[in-house]
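Indexing begins at 1, ligand by ligand and atom by atom, following the structure's order. Since this is a predicted model, take the numbers as computed values, not measurements.
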Amino acid sequence: MSWIAESYAKINLGLHVLERLPTGYHRIETGFCFLEWKDKFEIEQASEMELELSDESIPTDDGNLINQAVSVLQRYVGLENNYRIQVEKNIPAGAGLGGGSSNAALTLRMLNKIEELGLSNEDLIDLSRDLGADVPFFIRGKTGIGKGIGHEIEEIDIQPDLWIVTCFPNVQSSTPEAYRYCEPNPNPDFELERVLTEEDPEEWRYMLFNDLEQSVFQRVQVSGNLKDQFYEFGAIYASMTGSGSAVYGIFEQDFVAINAYNGLLDLDLPTNITRPGFSPDYGIYRKE
Ligand SMILES: C[C@@](CO)(OP(=O)(O)O)[C@H](O)COP(=O)(O)OP(=O)(O)OC[C@H]1O[C@@H](n2ccc(N)nc2=O)[C@H](O)[C@@H]1O
Ligand SMILES: Nc1ncnc2c1ncn2[C@@H]1O[C@H](COP(=O)(O)OP(=O)(O)O)[C@@H](O)[C@H]1O
């Protein structure tokens with residue numbers, strides 16, 4: 001008997017870097033929503049802890065966020081059994097799609113259920129403190145605005161009711177570097193929630209920005225080219241997600257989105273298309 005569940009990717013709708021903090025982190029404000037791009041987890045009891053990933057380029061040692069999530073539970077709560085965790089990786093790493101953070105969050109949620117630990121989402125968020133700023137968003141599984149270092153989530157429905165096409169240009173981008181080279185830009189008059197919930201997405205092009213984009217595009221030029229390509233394909237809005245390198249385009253009409261998706265696949269680039277108003281299945285299921 002095993003347990004199965006899915007770990008979803010995110011994109012950032014706007015990312016404002018407000019301030020450099022003494023901790024080395026940055027105070028930000030960003031919109032988080034989901035893509036239909038997912039890794040598949042299967043967990044079963046085993047004689048010792050084992051991690052198997054379908055993507056051999058990602059480490060399976062202590063550097064893996066799945067193992068770090070297991071260690072946190074072992075250290076602070078205690079686990080009765082050992083498990084074999086098998087993951088079909090589809091979300092590209094180093095893409096700004098939050099694949100590692102999403103995997104860490106799902107590991108906490110699955111082991112909480114399998115071992116009947118009875119921890120609430122808030123308990124899991126407390127435990128995830130050292131795993132990454134994006135992990136609380138993935139534990140909640142709801143769209144919203146991330147504040148603080150990205151870990152304080154105000155849940156609001158900002159999943160675009162439009163097609164989202166997302167493409168990884170086959171080059172990774174480093175999150176620490178993206179923040180190190182960005183220019184914090186406090187703008188007290190900007191209201192992210194209002195822009196995301198009230199403005200026509202056609203207007204986002206002129207008002208919704210990712211402050212990490214400029215410096216990442218200088219180092220990862222393919223991402224900048226990809227953004228131009230999205231506008232050529234007819235996107236009403238295009239942006240890099242998070243610290244890159246992936247870029248997404250938002251489309252009003254299905255045939256325009258599908259044409260962009262097929263065009264990017266023809267270039268041999270990992271690409272995803274997400275339906276309007278998509279909502280992830282956060283269920284954890286038993287497989288006999
Ligand atoms: C940029 C964003 C946008 O959602 O996502 P990704 O592009 O990584 O997916 C996040 O802020 C990334 O979150 P996450 O990837 O969980 O970051 P962490 O592991 O906590 O931090 C990695 C490093 O990024 C920098 N960092 C991260 C978050 C933040 N608010 N300020 C920072 O300066 C720090 O240098 C930190 O050591
Ligand atoms: N479970 C995991 N899945 C993907 N990457 C992981 C995982 N654990 C650790 N990593 C490492 O984290 C780094 C960032 O990956 P990821 O979290 O997918 O990207 P991003 O922060 O750009 O969203 C990668 O270099 C990868 O080797």
Side-chain angles (χ1 to χ4, degrees), residues 7-35 37-41 51-71 85-108 125 128-139 143-153 166 168-169 171-184 192 210-213 215-216 220 223 239-248 270:
S7 172
Y8 292 85
K10 58 85 182 159
I11 53 167
N12 298 87
L13 296 173
L15 196 165
H16 299 129
V17 182
L18 304 169
E19 185 187 359
R20 217 164 241 139
L21 300 170
T23 54
Y25 270 77
H26 294 75
R27 192 162 65 80
I28 64 170
E29 193 174 39
T30 185
F32 285 116
C33 75
F34 291 101
L35 295 184
W37 215 340
K38 60 197 179 194
D39 295 336
K40 294 185 180 166
F41 271 54
L51 175 61
E52 287 174 24
L53 301 183
S54 61
D55 181 342
E56 289 178 2
S57 69
I58 299 172
T60 50
D61 59 9
D62 293 350
N64 197 295
L65 281 152
I66 297 169
N67 287 334
Q68 291 175 21
V70 170
S71 299
I85 304 179
Q86 291 170 292
V87 184
E88 179 191 310
K89 281 295 295 182
N90 300 306
I91 306 169
L97 296 168
S101 307
S102 176
N103 287 179
L106 184 60
T107 305
L108 295 177
I125 287 170
S128 76
R129 203 158 287 273
D130 296 330
L131 296 177
D134 276 353
V135 180
F137 158 71
F138 287 110
I139 290 174
T143 62
I145 308 258
K147 294 188 178 168
I149 59 166
H151 65 309
E152 294 164 17
I153 311 292
T166 309
F168 175 61
V171 179
Q172 295 201 0
S173 169
S174 143
T175 305
E177 266 187 39
Y179 277 106
R180 192 177 318 133
Y181 296 116
C182 79
E183 209 44 70
L192 180 61
N210 177 344
D211 290 339
L212 300 179
E213 210 179 62
S215 79
V216 172
V220 188
S223 294
S239 173
M240 185 177 84
T241 171
S243 54
S245 58
V247 175
Y248 62 88

Tell me which protein heavy atom sits closest to [atom], plus the residue, atom name and distance to 0.1 Å.
atom                    : result
atom 4 (C) of ligand 2  : K89 NZ, 3.4 Å
atom 2 (C) of ligand 1  : D134 OD2, 3.7 Å
atom 27 (O) of ligand 2 : P59 CD, 3.7 Å
atom 9 (C) of ligand 2  : G63 O, 3.4 Å
atom 22 (O) of ligand 2 : G96 N, 2.8 Å
atom 25 (O) of ligand 2 : Q172 OE1, 3.9 Å
atom 17 (O) of ligand 2 : G100 N, 3.0 Å
atom 17 (O) of ligand 1 : A133 N, 4.0 Å
atom 8 (N) of ligand 2  : L65 N, 3.0 Å

Donor-acceptor side-chain pairing of N12 and N210 below 3.5 angstrom: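 There is no such pair between these side chains.
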
Polar contact flag, side-chain donor to acceptor under 3.5 angstrom, S7-S102: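 Side chains of S7 and S102: pair found under 3.5 Å.
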
Taking every non-hydrogen atom, the tightest pair across [X] and [Y]:
X    : Y    : result
L192 : E29  : CD2-CG, 3.8 Å
S245 : F168 : OG-CE1, 3.3 Å
L97  : W37  : CD1-CZ3, 3.7 Å

Under 3.5 Å, N or O to N or O, is [X] touching ligand 2 that way?
X    : value
S243 : no
G98  : yes
G94  : yes
S173 : no
I58  : no
A93  : no

I66 and F41: CA distance, side-chain angles, deciding distance, side-chain contact (heavy atoms from CB on, under 4.5 Å) verdict: CA-CA 11 Å; I66 297 169; F41 271 54; 3.8 Å; yes

Counting each atom of ligand 1 from 1 as listed, which ones have a heavy atom of [X] under 4.0 Å away?
X    : result
I149 : 29 (C), 30 (N)
H26  : 29 (C), 30 (N), 31 (N), 32 (C), 33 (O)
L15  : 3 (C)
T175 : 8 (O), 12 (C), 24 (O)
N12  : 3 (C), 4 (O)
G24  : 33 (O)
G98  : 9 (O)
S101 : 16 (O)

Examine the proximity of ligand 1 to [X] and report which part, side chain or backbone, both or neither, has a heavy atom under 4.0 Å away.
X    : value
Y179 : side chain
T241 : neither
K10  : side chain

With rounding to the nearest 0.5 angstrom, report the [atom1] to [atom2] distance, [X] to [Y].
X    : Y    : atom1 : atom2 : answer
E56  : K89  : CD    : NZ    : 14.5 Å
E213 : C182 : CD    : SG    : 12.5 Å
I125 : H151 : CD1   : NE2   : 10.0 Å
H16  : L212 : NE2   : CG    : 10.5 Å
Q68  : L108 : CD    : CG    : 11.0 Å

Kindly state if [atom] has a protein heavy atom within a strict 4.0 Å cut-off, that is, under 4.0 Å?
atom                    : value
atom 13 (C) of ligand 2 : no
atom 2 (C) of ligand 2  : yes
atom 19 (O) of ligand 2 : yes

Can you tell which of [options] gets a heavy atom nearest to [atom]?
atom                    : options          : value
atom 28 (C) of ligand 1 : F137, Y25, F32   : Y25
atom 6 (P) of ligand 1  : A246, S243, G94  : S243
atom 19 (O) of ligand 1 : G100, G132, P176 : G132

Contact check, side chains of [X] and [Y], non-hydrogen atoms, under 4.5 Å:
X    : Y    : answer
V70  : I85  : yes
T143 : K10  : no
T30  : I145 : no

Intermediate values then yes/no, side-chain contact (heavy atoms from CB on, under 4.5 Å), T23 and I149: CA-CA 11 Å; T23 54; I149 59 166; 5.7 Å; no

Ligand 2 contacted by G242 (non-hydrogen, < 4.0 Å):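 Checking ligand 2 against G242, which is what was asked, there is no heavy-atom contact under 4.0 Å.
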
Min heavy-atom dist Q68 to ligand 2 below 4.0 Å: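 Checking ligand 2 against Q68, which is what was asked, there is no heavy-atom contact under 4.0 Å.
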
Audit row: I28, L18, side-chain contact (heavy atoms from CB on, under 4.5 Å) steps and yes/no: CA-CA 5 Å; I28 64 170; L18 304 169; 5.9 Å; no

side-chain contact (heavy atoms from CB on, under 4.5 Å) assessment of L65 paired with N103: CA-CA 7 Å; L65 281 152; N103 287 179; 5.7 Å; no

What are the atoms of ligand 2, with element, lying closer than 4.0 Å to any heavy atom of [X]?
X    : answer
I66  : 1 (N)
N103 : 1 (N), 2 (C), 3 (N)
L97  : 23 (O)
T175 : 21 (O)

N or O contact, G244 vs ligand 1, cut-off under 3.5 Å: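 No; every N/O pair is 3.5 Å or more apart.
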
Mutual orientation of the aromatic rings belonging to F34 and Y8 [parallel < 30°, tilted 30-60°, perpendicular > 60°]: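 The rings of F34 and Y8 stand perpendicular, inter-plane angle above 60°.
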
CG (D61) with more than 12 external heavy atoms under 6.0 Å: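 Atom CG in D61 is packed in, count exceeds 12.
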
F32 and its side-chain contact (heavy atoms from CB on, under 4.5 Å) partner, picked from L15, D134, L13: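 Passing option: D134.
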
